[in-house]
Amino acid sequence: MSTNSEDCPLCTIQPVHTFNRYDTWLQCDACSTWYHAHCLKYQNVDTIEKFYCDQCTDEHGPTIYKQEQRRSKRTQTRLNYADLNEGKSAGDERIWSKLLRAKSFKPDHFKRYKSSQLTIGLLRETGMTEPFVVEENEPCLGMKMPPSTITVHEIATLVDVSSQSELLNWTLGLWADYFSNPVRDRIRNVISLEISGTKLAKQITRPKIVRDIDWVEHMWPKMKSLEYPK
């Protein structure tokens, strides 16, 4: 915006006498010449992405307008997450699992590799620009996981529950009871679970390729006095 004391190239061609004290100006994105928006007969300059004057349209094309955001006409269910967390919202407390079961997902396009193919050379060649999938935990993968039959209660006994309490009077043991209870007063979640230095951590080993490229694994000083980063 600028005061009207200055004319634009179009003012002498098609003079307009209905000036306001302040006018909106547009600068050509090609030649950088400034024009009054009202001389260009533009009502809403906010819709313009790139402006080209008449002298530049032959080389750069016409003025480009912003694309309107597409809005879905489908009705959407709005959920009050705060009320759900506090147990104030009436409804199905297992809504999330039902929503997931009602939806279908397209197959992913990620490349599949065998454990024997995972080498530093492969990572350098591909650059790891997108995720990849290893479908089988073969011995050469070097990964160890707890048995698939492990339960939430068993995890609670293997983890130091006293260090996992963020809510007043809530421990991991109580989370396990809540998880197993078919009747729930509200929706709760565990954002993260720190297992470093616990009995459960001894049952888990990261894949060898992950350990090979881990900077902490190779660069962190091997001194007992320094706490290993979690």
Side-chain angles (χ1 to χ4, degrees), residues 1-85 89 91 95-96 98-114 117-135 187 189 191-192 207 209-210 212-216 218-219 229:
M1 284 236 210
S2 177
T3 58
N4 281 349
S5 59
E6 202 171 337
D7 291 337
C8 79
L10 293 180
C11 288
T12 56
I13 301 174
Q14 45 185 35
V16 178
H17 302 290
T18 57
F19 291 102
N20 296 317
R21 183 182 175 189
Y22 292 97
D23 273 320
T24 302
W25 291 72
L26 280 173
Q27 184 184 33
C28 177
D29 283 278
C31 67
S32 300
T33 303
W34 288 90
Y35 295 86
H36 286 124
H38 61 76
C39 289
L40 294 164
K41 296 183 172 53
Y42 284 138
Q43 300 296 325
N44 186 4
V45 298
D46 292 333
T47 62
I48 298 174
E49 182 75 28
K50 285 182 178 292
F51 164 65
Y52 297 114
C53 66
D54 289 342
Q55 284 70 31
C56 297
T57 53
D58 289 341
E59 181 178 353
H60 297 278
T63 295
I64 301 173
Y65 293 87
K66 296 177 181 177
Q67 292 184 350
E68 293 185 11
Q69 291 185 345
R70 297 178 59 186
R71 296 184 179 180
S72 174
K73 296 181 180 179
R74 294 179 298 176
T75 56
Q76 296 181 352
T77 302
R78 296 186 178 274
L79 298 174
N80 188 320
Y81 297 97
D83 285 351
L84 283 172
N85 186 62
S89 178
I95 185 65
W96 306 115
K98 291 183 177 179
L99 285 174
L100 287 173
R101 287 196 298 268
K103 293 182 178 294
S104 59
F105 300 91
K106 293 182 179 180
D108 68 81
H109 63 278
F110 301 129
K111 194 166 183 178
R112 265 62 176 168
Y113 290 104
K114 291 189 175 295
Q117 295 176 287
L118 296 186
T119 63
I120 297 293
L122 175 68
L123 301 186
R124 288 173 177 166
E125 179 183 346
T126 61
M128 287 188 67
T129 55
E130 65 177 16
F132 56 83
V133 178
V134 180
E135 295 181 331
I187 296 176
N189 59 71
I191 300 300
S192 61
I209 188 66
V210 176
D212 288 345
I213 62 175
D214 186 356
W215 283 21
V216 174
H218 295 283
M219 305 305 296

Which pair of heavy atoms, one from [X] and one from [Y], lies closest together, and at what distance?
X: Trp34; Y: Cys8; answer: O-CB, 3.7 Å
X: Lys50; Y: Thr63; answer: O-CG2, 3.0 Å
X: Cys53; Y: Cys28; answer: N-SG, 3.5 Å
X: Pro62; Y: Thr57; answer: CA-CG2, 4.2 Å
X: Ala37; Y: Val45; answer: CB-CG1, 3.8 Å
X: Ile209; Y: Ile120; answer: CD1-N, 3.8 Å

Side-chain heavy-atom pair [X], [Y] within 4.5 angstrom cut-off:
X: Pro207; Y: Leu118; result: no
X: Thr126; Y: Tyr113; result: yes
X: Asp54; Y: Tyr35; result: no
X: Arg112; Y: Val133; result: yes

Can you tell me how far the [atom1] atom of [X] sits from the [atom2] atom of [Y], to the nearest 0.5 Å?
X: Thr33; Y: Gln55; atom1: OG1; atom2: CD; value: 7.5 Å
X: Phe132; Y: Leu123; atom1: CZ; atom2: CG; value: 5.5 Å
X: Lys114; Y: Glu135; atom1: NZ; atom2: CD; value: 8.5 Å
X: Asp212; Y: His218; atom1: CG; atom2: NE2; value: 5.5 Å

Side-chain donor or acceptor of His36 paired with backbone N/O of Asp7 under 3.5 Å: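 Absent.
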Any donor-acceptor pair under 3.5 Å from Gln27 side chain to Ser32 backbone: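 Looks like yes, one N/O pair under 3.5 Å.
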Geometric class of the Phe51/Tyr42 ring pair [parallel <30°, tilted 30-60°, perpendicular >60°]: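 The arrangement is perpendicular - the two ring planes meet at more than 60°.
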Verdict with reasoning, His109 to Glu130, per side chain to side chain contact (heavy atoms under 4.5 Å, CB included): CA-CA 10 Å; His109 63 278; Glu130 65 177 16; 3.6 Å; yes
Audit row: Asp58, Tyr52, side chain to side chain contact (heavy atoms under 4.5 Å, CB included) steps and yes/no: CA-CA 10 Å; Asp58 289 341; Tyr52 297 114; over 6 Å; no
Crowding at NZ, Lys103 (>12 non-hydrogen neighbours, <6.0 Å):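 Check fails, neighbour count at 12 or below.
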